[in-house]
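Computation of the quantities below employed the complete heavy-atom set of this structure, encompassing side-chain atoms and omitting hydrogens, waters and symmetry-equivalent molecules. Order of appearance sets the numbers: ligands from 1, and atoms from 1 within every ligand.
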Amino acid sequence: MSLPQAAPDARLDRIEVVVGDITDLPDDLGVDTVVNAANEPLAGGAGVDGAIHRAAGHDELLGYNRTHHPEGCKTGLVKVSPAFGLEAKGIKHILHTVGPVWSGQRDTGVPGAPGDDTAKLGYTLEDTLLASCYTNVLKAAEQLESEAVAIPAVSTGVYGFPKPRAAKIALGHVLGHFQQRPAPAFPKRVVFVCFSDADAEVYRQAIDTRDAWMFTQRRG
Ligand code: APR
């Protein structure tokens, strides 16, 4: 059975899906803000976090976060830092967000509320925390008047969040943000940065089938 193909949607003109290293994007993407998949202490780590700390300059970035964000960053929130060494790539700010660790525990102790991938989209604690990452990233990018914000697949690496589920949450919230803030509101564009062709295909599938899973009926 072929899934319903979505109708043309102007909001998609503001979304790109690319494959690459978020710290080394082509200049013609015009990205001026990158999102880091951080941890609560903002201490740096592996994956995206490691790459961004290396490219920005770990000592400088860690020093800044220790001074300006001594409290760290709670899961679902965002803390802003300068780009330091990433300024050479035209980046002005790094938005450090901490995604949830996917538990995947079916039994949450709440009858009828599974905590794994059988739960309805948006109905696990981790879904709501990941959604909070995206809404706070978009709010920060709007306040910073970002031209284009590059966002990795937060929580889908070390934190184990199922990629298709995470892609729908990411896309649903970006489309919702653009619905409320038509062009040329900020951020003008969102670039989803995937680390493999397979991961990019997950985002493209989510875009192509959005009418089948998006929870808010699109107006107009
Ligand atoms: N550029 C773009 N995407 C990347 C890069 C990169 N340089 N490196 C990894 N990825 C992808 C991964 O393949 C995955 O799809 O980013 C996604 C997020 O993976 P992680 O970086 O592992 O982030 P996350 O799952 O949110 O786990 C965060 O890992 O590195 C630690 O300190 C970090 O504790 C935190 C945890």
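Each of the atoms 30 (O), 31 (C) of ligand 1 lies under 4.0 Å from some heavy atom of A46. Residue D21 approaches ligand 1 through these ligand atoms, each under 4.0 Å from one of its heavy atoms: 1 (N), 6 (C), 7 (N). Each of the following atoms of ligand 1 lies closer than 4.0 Å to a heavy atom of I22: 1 (N), 2 (C), 6 (C). The K163 neighbourhood of ligand 1 comprises atoms 15 (O), with distances under 4.0 Å to a heavy atom of that residue. Near G157, the atoms of ligand 1 lying under 4.0 angstrom from a non-hydrogen atom of the residue are 14 (C), 18 (C), 19 (O), 22 (O), 25 (O). Listed by number with element, the atoms of ligand 1 under 4.0 angstrom from any heavy atom of G45 are 30 (O), 32 (O). The A51 neighbourhood of ligand 1 comprises atoms 7 (N), with distances under 4.0 Å to a heavy atom of that residue.
When the options V202, V19, V158 are ranked by their closest heavy atom to atom 29 (O) of ligand 1, first place goes to V158. Closest to atom 32 (O) of ligand 1 by heavy atom, among V193, T156, D49, is D49. Of the options W102, F195, F161, the smallest heavy-atom separation from atom 13 (O) of ligand 1 is shown by F195. Here atom 26 (O) of ligand 1 lies nearest to S155 when heavy atoms of C133, G99, S155 are compared.
Checked against a 3.5 angstrom limit, the closest N/O atoms of C194 and ligand 1 fall outside it.
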Compile the donor-acceptor pairs under 3.5 Å between side chains in residues 83-91 and protein atoms, sequence neighbours left out, one pair per line.
residue	atom	partner	partner atom	Å
K89	NZ	D24	OD1	3.0
K89	NZ	L25	O	3.2

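Ring geometry, Y203 versus F192: the interplanar angle falls from 30° to 60°, so the pair is classed tilted.
Looking from atom 21 (O) of ligand 1 to the surrounding protein, the closest heavy atom is V48 N, 2.8 Å. Counting only heavy atoms of the protein, atom 18 (C) of ligand 1 lies nearest to A153 O, 3.3 Å. The nearest heavy-atom contact from the protein to atom 35 (C) of ligand 1 is Y159 OH, 3.4 Å.
T156 is linked by a side chain to side chain donor-acceptor pair (under 3.5 Å) to nothing, counting only residues two or more places apart in sequence or in another chain.
At a heavy-atom distance under 4.0 Å, atoms from both the backbone and the side chain of A37 approach ligand 1.
Contact of the H69 side chain with the E71 side chain is registered, since non-hydrogen atoms from C-beta on lie closer than 4.5 Å. V17 has its side chain within reach of C194: a pair of non-hydrogen atoms, C-beta onward, lies under 4.5 Å apart.
In terms of modelled atom types and a separation under 3.5 Å, the side chain of R14 and the main chain of K188 share a donor-acceptor contact. Counting only distance, with no hydrogens or angles, the side chain of T108 and the backbone of G115 share no donor-acceptor pair below 3.5 Å.
Taking 4.0 Å as the cut-off, G20 counts as a neighbour of ligand 1 on heavy-atom distance.
Atom CZ of R189 sits about 11.0 Å away from atom OG1 of T33, to the nearest 0.5 Å. Separation of atoms CD1 (I207) and CZ (R11) is listed at 11.0 Å; rounding is to 0.5 Å. Note that CD1 of I169 and OG1 of T135 are 11.0 Å apart. Values are rounded to the nearest 0.5 Å.
Looking only at atom types and distance, the side chain of H68 has no donor-acceptor partner in the side chain of S81 under 3.5 Å away.
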